[in-house]
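Each chain gets a letter, A, B and so on, in the order the sequences are listed, and its residues count up from 1. No experiment lies behind these values; they were computed from the predicted model shown.
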2 protein chains.
Amino acid sequence: MLIGCGLSAVPVRVNKMLALTKKTDYALIALSYLAKRVEGVMSARELATASRVPLPILTNILKALARAGMVVGERGSAGGYCLAKPAESISLHELITAIEGPVHFVQCVSAGPDAHRNPCELQSCCSIRQPAHRIHDRLKEFLESVTLAELVDDPTVSVGLHLVHREPVPLRQTPVREFVR
Amino acid sequence: MLIGCGLSAVPVRVNKMLALTKKTDYALIALSYLAKRVEGVMSARELATASRVPLPILTNILKALARAGMVVGERGSAGGYCLAKPAESISLHELITAIEGPVHFVQCVSAGPDAHRNPCELQSCCSIRQPAHRIHDRLKEFLESVTLAELVDDPTVSVGLHLVHREPVPLRQTPVREFVR
DNA sequence: GCATATAGCACTAAATCGGTACTATATCAA
DNA sequence: TTGATATAGTACCGATTTAGTGCTATATGC
């Protein structure tokens, strides 16, 4: 979100601050399949047939995930993809950043560690800057608290919609291969 | 998010499940100005000059907010807008729903109270359906927990970026006019 | 009755997204 | 060495969506 910081004379580059689109959706599905795979790699083709995500799109997404360091791709005839780290360490925030771009709630928050040195020009008339920063932090915290492990954690019981509310269930440690490389 | 539910043969209508765009940004700014105005109404023109949001766009946004029941518009030469309810009761979730459309994390969650009667066709192969529902609920909860009051709550002290972390500060009750009508 | 305000459309130009295609490179096996 | 198969990277296009504009109707106050 720009929150009054994008109203200056100079045109702003960032229009979208947070989005969950089909792409992120596909990515989550692919990651969930990789998380369930306890050993070895899974090729994009395998993943596509298993998840029913169109192969060409899936390959693009996997490339992006690899670039972001969330999965590791191995080339060659026996190649494929596997998670680059345990599912507990892969957050929704990381995924959105990789697929959709960096998450902003306020634009002033965005660029690098010295962003506070270069706040928006409209600071004087942007009276909600500070609270917006706090909300941004809360949003980021939330997105970081949602992990892939949580998504793969399948109850397998209680198919009905009674609100079991199994919130405090400790996250199961998914068996993960060694991350050599 | 569709989470595997949009891969059936029939084309899916919903591509975007959550977005924060410039429009929501503008809306938040406008709402914050209205929240600070303790009495009377504020015309779109006034709001535009104060917030420096382009007037034509602002009018569109205010109309949408009025339709959603978040602000009340009064016509006539002395007309204008005011909040339809206390700032504490206006959540980010409500705002996003009004401006961007309904928030989905899973599509199965969406349509009405009997949505559980009509789950996605791919349920059998959509193994992350249940966890996705839980995450959807958490996301909704979070967005509902962020209120306009929080955004207007101006520290006015400590302009620097030291992390005061005034999280547990009780929300100040903004003085609100009577909501006759 | 006139000025001014919101309400509700319908419309356009530009940005974005979903999806495709092509080339380069790495690995394994015959 | 060669061929098959896999990922890596990037450029591209069509369809959708978004930001922004314009017009008409209606309500209010002087």
Between protein and nucleotides 21-23 of chain D, what N or O pairs are separated by less than 3.5 Å?
unit_1, atom_1, unit_2, atom_2, d
dT21(D), O4, N60(B), ND2, 3.0

Check nucleotides 28-30 of chain C against the protein and report each pair of N or O atoms closer than 3.5 Å, with its distance, or say if there are none.
unit_1, atom_1, unit_2, atom_2, d
dC28(C), O4', S77(A), OG, 3.3

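R37(A) places a side-chain N or O within donor-acceptor distance of the main-chain N or O of V41(A), the cut-off being under 3.5 Å.
Rounded to whole Å, the distance from CZ on R45(B) to P on dT4(C) is 8 Å. Between K23(A) atom NZ and dT20(C) atom C1' there is a gap of 12 Å when expressed in whole angstrom units. The interatomic distance linking L58(B) (CG) with dA7(C) (C1') rounds to 15 Å, in whole Å. Rounded to a whole Å, the CD atom of E74(A) is 10 Å from the P atom of dT7(D). Between the P atom of dT17(D) and the CG atom of L20(A) lies a distance of 16 Å, rounded to the nearest Å. Rounded to whole angstrom, the span from the CG atom of L65(B) across to the P atom of dG8(C) amounts to 13 Å. In this structure, L55(A) places its CG atom 17 Å from P of dG18(C), rounding to the nearest Å. Atom CE of M42(A) and atom P of dT7(D) are 11 Å apart (whole Å).
Looking only at atom types and distance, the side chain of S145(A) has a donor-acceptor partner in the side chain of R138(B) under 3.5 Å away.
The distance from atom NZ of K85(B) to atom CE of M70(B), rounded to the nearest 0.5 Å, is 6.5 Å. Note that CD of E144(A) and OG1 of T97(A) are 8.5 Å apart. Values are rounded to the nearest 0.5 Å. Rounding to the nearest 0.5 Å places OH of Y81(A) at 7.5 Å from OG1 of T59(A).
Considering only side-chain N and O atoms, T21(A) lies under 4.0 angstrom from the phosphate OP1 or OP2 of dG18(C). For dA7(C), the OP1/OP2 oxygens have no side-chain nitrogen or oxygen of R67(B) closer than 4.0 Å. Contact annotation: Y26(B) side-chain N/O to dA19(D) OP1/OP2 distance is not under 4.0 Å.
Both the sub-6.0 Å distance and the 45° axial angle are satisfied by K36(B) relative to the ring of Y33(B).
The shortest heavy-atom contact between A84(A) and V72(A) is CB-CG2, 3.6 Å.
Ranking dA19(D), dG18(C), dA6(D) by closeness to the K22(A) side chain, first place goes to dG18(C).
By the 4.5 Å heavy-atom criterion applied to side chains, L143(B) and L139(B) are counted as neighbours. With contacts defined as side-chain heavy-atom distances shorter than 4.5 Å, the pair L31(A)/L65(A) qualifies.
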